[in-house]
Amino acid sequence: MISKSDPVKFLLSKPALIGRPAKWLLQLSELDITCASTRAIKGQAVSDLLATLPGEGTTALQEDLLGEFPEISLVKEEAWLLLFDGSSTPSNNTGGEGVVLVSPTGEVFSHSFKLDFHCTNNSTEYEAFLIGLSLSKQAGSMRMEIMGDSKLLVNQMNGVYALKEVTLAPYRSEAQKLLNYFVDVTITHVVHSNNRHADCLATLASKL
């Protein structure tokens, strides 16, 4: 298989895959595929020209193949939903995190984390955001719909608010690195009442 962009080579080189790529890799394991990159521009130009201008009397691809030729359709991967919230406890300078992941098939994964170090309300929100992004990456999601009730965090990540607190700069920098992994991400602010699941998980952890 010779190609400039070789997704098959990428699949075969990954040590572990989950989700739809794992199913593709299972299908490809039945074939003996050798991947090679293009070496001659001239040969590629000829193949591009033949593909663009087919000669007269050429038959359709379906007529040249035995058996049924399946139709090819482009299916866009559905997005995962991420809800997050952070809760700080001023009395002992600790906090808690609540993260809820919802898969495209409707499976709900609830996570609660205790922060055993000094943190503010804003830093706990960023901690929950980073944990949620890390869990989404581990789940193999490539498209994300993210919702949180921290107006400051959402607007800072969307470039609406400037970052004035120096202590939050490392959080936003790390978040931007994680966001680069995903193909498509939307970050939306929701009111507190629409984020109760994550809020309860965060409050529970902060009370431990």
Side-chain angles (χ1 to χ4, degrees), residues 1-31 33 35-38 44 48 51 70-86 97-111 113 125-163 168-191 194-195 197-198 201:
M1 178 176 177
I2 302 177
S3 173
K4 294 179 182 178
S5 177
D6 198 346
V8 176
K9 184 177 181 181
F10 170 76
L11 287 174
L12 296 176
S13 63
K14 294 289 287 185
L17 294 169
I18 61 175
R20 186 174 290 112
K23 296 179 181 179
W24 294 340
L25 185 59
L26 183 62
Q27 296 276 350
L28 292 174
S29 64
E30 300 178 0
L31 306 175
I33 300 177
C35 301
S37 58
T38 54
Q44 183 64 43
D48 291 342
E71 294 184 2
I72 299 176
S73 60
L74 179 62
V75 179
K76 182 178 180 180
E77 181 183 357
E78 296 185 32
W80 286 60
L81 174 63
L82 168 62
L83 299 167
F84 69 94
D85 195 18
E97 310 299 332
V99 176
V100 180
L101 270 176
V102 184
S103 73
T105 58
E107 294 177 282
V108 180
F109 304 92
S110 303
H111 304 273
F113 299 91
E125 292 287 352
Y126 266 102
E127 289 279 357
F129 183 56
L130 290 173
I131 292 174
L133 291 177
S134 298
L135 291 173
S136 302
K137 182 179 178 181
Q138 292 178 19
S141 171
M142 297 302 294
R143 287 180 166 82
M144 295 296 304
E145 292 182 8
I146 304 174
M147 297 182 182
D149 56 24
S150 172
K151 192 173 184 180
L152 176 71
L153 184 151
V154 171
N155 285 325
Q156 284 181 348
M157 294 307 304
N158 287 327
V160 179
Y161 287 178
L163 185 64
L168 298 180
Y171 287 110
R172 189 179 69 169
S173 176
E174 184 64 24
Q176 290 172 337
K177 292 179 182 177
L178 286 170
L179 287 172
N180 290 333
Y181 167 81
F182 303 97
V183 175
D184 184 28
V185 177
T186 58
I187 307 175
T188 308
H189 175 258
V190 294
V191 295
N194 291 338
N195 198 31
H197 191 166
L201 293 170

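Numbers for residues simply follow the sequence, beginning at 1. Source: prediction; values computed, not measured.
Considering only heavy atoms from C-beta on, Leu201 stays 4.5 Å or farther from Asp85 through its side chain. You'll find the side chain of Phe84 reaches within 4.5 Å of the side chain of Ile146, heavy atoms only. In this structure, the side chains of Leu82 and Val99 come closer than 4.5 Å at one or more pairs of heavy atoms. Side-chain atoms of Ser136 and Phe182, non-hydrogen and from C-beta on, do get closer than 4.5 Å to each other.
Put simply, OG1 on Thr188 and CG on Asn158 are 7.5 Å apart, with the number rounded to the nearest 0.5 Å. One distance of note links CG of Leu81 with CD of Glu145; it measures 6.5 Å at 0.5 Å rounding. Summarising the geometry, atom NZ belonging to Lys137 is positioned 10.0 Å from atom CE belonging to Met142; distances are rounded to the nearest 0.5 Å.
Donor-acceptor pairing under 3.5 Å is lacking for the side chains of Tyr126 and Glu174.
Closest approach of Ala79 and Pro104 over heavy atoms only: O-CG, 3.8 Å. Nearest heavy atoms, His197 versus Ser110: NE2-OG, 3.0 Å. For the residue pair Ser134 and Leu178, the shortest heavy atom distance occurs at OG-CD1, 3.9 Å. Pairing each heavy atom of Asp149 with each of His189, the nearest pair is O-NE2, 3.4 Å. Between Ala128 and Gly98, the closest heavy-atom pair is CB-O, 4.4 Å.
Between the Asn195 side chain and the Val191 main chain, no donor and acceptor come within less than 3.5 Å of each other. No donor-acceptor distance shorter than 3.5 angstrom exists from the side chain of Asn194 to the backbone of Val190, with no hydrogens or angles considered.
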Candidate pair Glu125 and Tyr171, rule side-chain hydrogen bond (donor to acceptor under 3.5 Å, both in side chains), full reasoning: CA-CA 10 Å; Glu125 292 287 352; Tyr171 287 110; over 6 Å; no
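Classified by interplanar angle (parallel below 30°, tilted 30° to 60°, perpendicular above 60°), the ring pair Trp80/Phe109 is parallel.
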